[in-house]
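Taking it in order: structure first as structure tokens, then the write-up.
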Amino acid sequence: MKKAVIIIPTYNEKGNIERLIKILENEVFPKIKNYEMQILIADDNSPDGTGKLVKDLMKQYKNLYINQGEKQGLGAAYIRAMTYSIEKLDAEVMFEMDADFFHDPYRIPAFLKKIDAGYDFVVGTRYSEGGSIPKNWAFNRKFLSVLGNFIIRLVFTRPGIHDWTGGYRAIRKEVFLKEKDKLNVFKGYRFQVGFLHKAVQDGFKIAEVPFVAVDRTMGRSKMARGDTIVDTLEYVFYARFLELERFFKFLIVGGFGFIINALVLRILVAVFHWDPSPANLIGAALAIFSNYNLNNIWTFAEHRIRTVSSYLYKMLQFYATSAFGVIVIQTGVIFLGDHFFGKKFYFIYFLIGTAFLLVWNFIMYSLVIWKKPR
Ligand SMILES: Nc1nc2c(ncn2[C@@H]2O[C@H](COP(=O)(O)OP(=O)(O)OP(=O)(O)O)[C@@H](O)[C@H]2O)c(=O)[nH]1
Ligand SMILES: [Mg+2]
């Protein structure tokens, strides 16, 4: 049977951990038939004796484990514990879950259903239908939490993912193994946001499970609050900039191609007395050649085409993509505009057609010509 591990990071959670373990073992796990469920406590040598308490409980529950280490923050504890889960506990699926009952343990089966439906990364959400943040939070905490997640959704333009900062998740081991090396740099909430964002970038399938969050009644909060929201947004804006950086480079390369096209046209017509149509064909062909090479060595440098055969093959694809874009998409929009609204606004059709052309080209370059190897 497939194995799932509920990873619970703890730092001084003596007041919560026993009750949570008992609820998981006695009330939640019996309802799960198709996974062998295990619990791993990721304890950072809590001075309050959380570790000792867990070790006592391990005598009673054979599927309960502990992984202890130095306190280096939540992200480090998760990385350590996830590595342990895969290597020592043979985990296929790993949960992130707080010890303080913020995360309703009875929702675990709903996460596993999503995993069984083929999703790779299941995000517990407080901000969509059926979920909520604690009712008793002070207004400004509610406000910051809702606003922060809203801004992240907006900046990443991923409206379908509502809760980026939460820590209630089910993750397939493949996702962790793929992203592991990129996670070390993330501290605090950055870990949650960054992990999810990397998974999204790499095309893993994301699902959501709403849950009602409940404030802790026992023990103390460890998260430093004030600066983390600013810190998190800093990551989000910078990561988004890096994603868009490629699009900016693509625009610059295209602009350069446009200049080549225009110059060649002018020179051939003015100096060599060519007809404008063949002159433009030569200009466009040279522009496309320049675009192909500059995109290859700059815009998509990470996925640079290196062998001669694929260089030639991809160049053919690139010419075909460009020709289709100009002839069918850009010219097609101009044709339709002219047909339905008349010649008067032809330049507007040209601009709209060009916008479509850019989107077409960028998508084809990213997803076909310089697609990421998976
Ligand atoms: N191992 C480990 N666990 C941590 C660390 N910091 C926090 N935790 C655990 O991570 C979970 C979330 O921490 P909380 O202190 O509840 O943070 P929070 O939910 O933002 O704050 P509250 O509003 O007080 O609940 C809890 O189970 C903590 O015990 C850490 O540095 N190491
Ligand atoms: Mg908490």
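All ligand and atom numbering here is 1-based and tracks the order in the structure. Everything numeric in this text was worked out from a predicted model, so none of it was measured.
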query = Is it true that the side chains of Thr10 and Asp43 contain a donor and an acceptor less than 3.5 Å apart?
reply = yes

task = Show which residues join Leu263 in its hydrophobic cluster (side-chain heavy-atom contacts under 4.5 Å, direct or indirect), or state none.
result = Ile259

Protein N/O/S neighbour count - the Mg ion (ligand 2), strictly under 2.8 Å = 1

inquiry  = Evaluate Asp43 for polar contact with ligand 1, using N/O atom pairs at a separation under 3.5 Å.
reply    = no

Ligand 1 versus Arg141: contacting region, heavy-atom distance under 4.0 Å = side chain

key: Phe101 six-ring centre to Arg216 NZ/CZ under 6.0 Å and within 45° of normal   = no

Donor-acceptor under 3.5 Å (Lys135 side chain, Ser132 main chain) = no

query = Would you say the side-chain atoms of Asp104 pair up with the backbone N or O of Tyr106, donor to acceptor, closer than 3.5 Å?
reply = yes

message = Can you confirm if the aromatic rings of Tyr319 and Tyr292 lie within a centre distance of less than 6.0 Å?
response = no

request  = Any chance you could pull the hydrophobic cluster mates of Leu242, using side-chain heavy atoms under 4.5 angstrom and chaining through other members?
outcome  = Tyr238, Phe241, Leu244, Phe248

ask   = Backbone or side chain, does any N or O of Ala42 fall under 3.5 Å from an N or O of ligand 1?
value = yes

query = If you measure from each non-hydrogen atom of Lys71 to ligand 1, which part falls under 4.0 Å: side chain, backbone, both or neither?
reply = side chain

query = What are the atoms of ligand 1, with element, lying closer than 4.0 Å to any heavy atom of Glu13?
reply = 26 (C), 27 (O), 28 (C), 29 (O)

ask   = Could an N or O of ligand 1 be found under 3.5 Å from any N or O of Tyr11, whether backbone or side chain?
value = yes

inquiry  = Looking at Thr232, is its backbone amide N or carbonyl O close enough to the side chain of Arg190 to form a donor-acceptor pair, meaning the two atoms are under 3.5 Å apart?
reply    = no

task = Please could you name the atoms of ligand 1 that Gly73 approaches to less than 4.0 Å, counting only its heavy atoms?
result = 30 (C), 31 (O)

ask   = For Val146, which fellow cluster members are found when Ile, Leu, Val, Met, Phe, Trp and Tyr are connected by side-chain heavy-atom distances below 4.5 angstrom, either directly or through intermediates?
value = Phe102, Tyr127, Ile133, Trp137

key: Whether over 12 other heavy atoms sit under 6.0 Å from Lys343 NZ   = no

request  = Measure from NZ or CZ of Lys178 to the centre of the six-membered ring of Phe204 and say whether it is under 6.0 Å with the direction within 45° of the ring axis.
outcome  = no

remark   = At under 4.0 Å between heavy atoms, what of Ala77 touches ligand 1? The answer is side chain

request  = Give the atoms of ligand 1, by number and element, whose distance to some non-hydrogen atom of Leu74 is under 4.0 Å.
outcome  = 3 (N), 4 (C), 8 (N), 9 (C), 10 (O), 30 (C), 31 (O)

request  = Under 4.0 Å, heavy atoms only, figure out whether ligand 1 is touched by the backbone of Tyr189, its side chain, both or neither.
outcome  = side chain

